[in-house]
Amino acid sequence: MFNKINVIEIVEKHLSTLKNQRTNKIHVPDVVLFILLPLLLSLVLIYFRNLLNKDIANILVTSFSIFAGLLLNLLLIVFDLVDKQGNSNKNIRDALEELYFNISFCILISILSIFLLLALFININYVWYLNLLSFLVYYFLFVFIFTLLMVLKRIHKMLSIKFTQ
């Protein structure tokens, strides 16, 4: 029933890009950077009572919405590059595939964050509710930022290779 909206594969494919390419094993520094560091930063923000308010939520909803649209366009560009690349260079094709997975994950994080931020506008006056929402939004925000930086670096690396040829 939920197969059409099941996003687990997107998360799995993104996590598969955090493996060491040579050994095909989990790359611990990547796990620390993309999973544990956002967790730690989010906990620190919550510990110091930096909770979200409606003004910050509005800014973040707007930002995530804009990024989701831009990333959807970038996803189509990567798809077109894969189509044009064919089977000519396996390394470039593999890099484009990982880039595709990372961009898809960024779009997913944007959508989830927007829904969490919209939940902030529900008037529930429980401290745990605001703490939990703030923590989740901060966590996804940091994951989004780090993944977006990875996407930027991968695009930069691929273009740099093309410019040196």
Side-chain angles (χ1 to χ4, degrees), residues 1-19 26-83 95-156 158:
M1 179 172 151
F2 292 106
N3 287 340
K4 296 215 187 269
I5 61 170
N6 187 353
V7 295
I8 292 172
E9 183 181 354
I10 293 173
V11 175
E12 288 173 347
K13 295 286 187 176
H14 168 72
L15 291 176
S16 74
T17 68
L18 302 181
K19 291 182 180 178
I26 293 174
H27 193 236
V28 175
D30 283 350
V31 171
V32 170
L33 178 64
F34 292 102
I35 297 172
L36 297 179
L37 185 59
L39 186 68
L40 179 67
L41 292 171
S42 302
L43 287 172
V44 167
L45 285 171
I46 298 303
Y47 177 78
F48 288 112
R49 305 294 299 155
N50 290 313
L51 302 178
L52 294 172
N53 59 42
K54 291 182 180 180
D55 293 332
I56 294 172
N58 279 327
I59 293 168
L60 288 174
V61 165
T62 303
S63 300
F64 278 120
S65 299
I66 291 169
F67 270 113
L70 292 172
L71 289 168
L72 280 168
N73 284 325
L74 184 58
L75 200 61
L76 291 174
I77 291 170
V78 169
F79 179 77
D80 189 48
L81 288 173
V82 169
D83 196 36
L96 285 170
E97 183 180 41
E98 287 189 0
L99 188 60
Y100 175 78
F101 296 151
N102 298 142
I103 294 168
S104 297
F105 182 75
C106 276
I107 294 168
L108 176 63
I109 291 296
S110 295
I111 293 167
L112 288 174
S113 297
I114 290 168
F115 280 114
L116 287 172
L117 287 161
L118 293 177
L120 186 68
F121 290 95
I122 300 171
N123 287 327
I124 298 178
N125 293 325
Y126 294 115
V127 175
W128 65 266
Y129 178 76
L130 184 57
N131 284 335
L132 179 63
L133 268 181
S134 295
F135 170 77
L136 290 172
V137 168
Y138 287 141
Y139 179 75
F140 285 138
L141 176 65
F142 289 122
V143 168
F144 177 81
I145 290 170
F146 292 142
T147 306
L148 192 62
L149 289 172
M150 180 172 56
V151 166
L152 177 64
K153 177 160 187 286
R154 287 182 173 187
I155 290 173
H156 173 75
M158 282 193 288

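All residue numbers in this chain count up from 1 along the given sequence.
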Nearest-0.5 Å distance, [atom1] of residue [X] to [atom2] of residue [Y]:
X: Leu133; Y: Trp128; atom1: CG; atom2: CH2; result: 8.5 Å
X: Ile35; Y: Leu15; atom1: CD1; atom2: CG; result: 5.5 Å
X: Leu148; Y: Leu70; atom1: CG; atom2: CG; result: 9.5 Å
X: Phe140; Y: Ser42; atom1: CZ; atom2: OG; result: 9.5 Å
X: Ile103; Y: Leu108; atom1: CD1; atom2: CG; result: 14.0 Å

* Only pairs at least two apart or in different chains count here, so list each salt bridge (Lys or Arg N to Asp or Glu O under 4.0 Å) that has a residue in residues 95-108. =>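 Passing the test, one end in residues 95-108: Glu98-Arg154.
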* Residue pairs, two or more places apart or on separate chains, that pass salt bridge (Lys or Arg N to Asp or Glu O under 4.0 Å) and touch residues 52-81 ->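 Listed by first then second residue: Asp80-Lys84.
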* Asked: Mind checking whether Phe142 and Tyr138 have parallel, tilted or perpendicular rings, split at 30° and 60°?
  ->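 Phe142 vs Tyr138 ring planes: tilted.
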* **Aromatic ring pairing His14/Phe105, orientation class (parallel under 30°, perpendicular over 60°, tilted between)** =>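 Geometry flag for Phe105 against His14: parallel rings.
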Mark yes when over 12 heavy atoms from residues, nucleotides or ligands other than [X] sit less than 6.0 Å from its [atom1]; otherwise mark no.
X: Phe79; atom1: CZ; value: no
X: Ile26; atom1: CD1; value: no
X: Tyr100; atom1: OH; value: no
X: Ile8; atom1: CD1; value: no

* **Full working for side chain to side chain contact (heavy atoms under 4.5 Å, CB included) between Ile122 and Tyr129** => CA-CA 10 Å; Ile122 300 171; Tyr129 178 76; 4.0 Å; yes
Shortest non-hydrogen separation from [X] to [Y] and the atoms involved:
X: Phe146; Y: Leu41; answer: CZ-CD1, 4.2 Å
X: Ser65; Y: Ile114; answer: OG-CD1, 3.5 Å
X: Pro38; Y: Leu33; answer: CD-O, 3.2 Å
X: Val78; Y: Leu96; answer: CG1-O, 3.6 Å
X: Cys106; Y: Leu71; answer: CB-CD1, 3.5 Å

* To do: Output, in order, the C-alpha distance, side-chain angles, deciding distance and verdict of side chain to side chain contact (heavy atoms under 4.5 Å, CB included) for Leu52 and Leu117.
  => CA-CA 9 Å; Leu52 294 172; Leu117 287 161; 4.0 Å; yes
Given side chains that start at C-beta, do those of [X] and [Y] come closer than 4.5 Å, heavy atoms only?
X: Ser113; Y: Leu60; answer: no
X: Met158; Y: Leu99; answer: yes
X: Leu120; Y: Asn53; answer: no
X: Arg49; Y: Asn131; answer: yes
X: Ile109; Y: Thr147; answer: no
X: Leu74; Y: Ile155; answer: yes

* For Thr17 and Asn102, test the side chains for any donor-to-acceptor distance below 3.5 angstrom and give the result as yes or no. =>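 Side-chain D/A pair, Thr17 to Asn102: present.
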* **Pair Leu45-Ser134, side chain to side chain contact (heavy atoms under 4.5 Å, CB included): steps then yes or no** => CA-CA 9 Å; Leu45 285 171; Ser134 295; over 6 Å; no
* Pairs touching residues 43-67 that satisfy ring-ring contact (aromatic ring centres under 6.0 Å, His included), sequence neighbours left out ->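 Counting only pairs at least two positions apart or across chains, the ring-ring contact (aromatic ring centres under 6.0 Å, His included) contacts touching residues 43-67 are Phe64-Phe144, Phe67-Phe144.
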* **Phe101 and Val11: CA distance, side-chain angles, deciding distance, side chain to side chain contact (heavy atoms under 4.5 Å, CB included) verdict** => CA-CA 8 Å; Phe101 296 151; Val11 175; over 6 Å; no
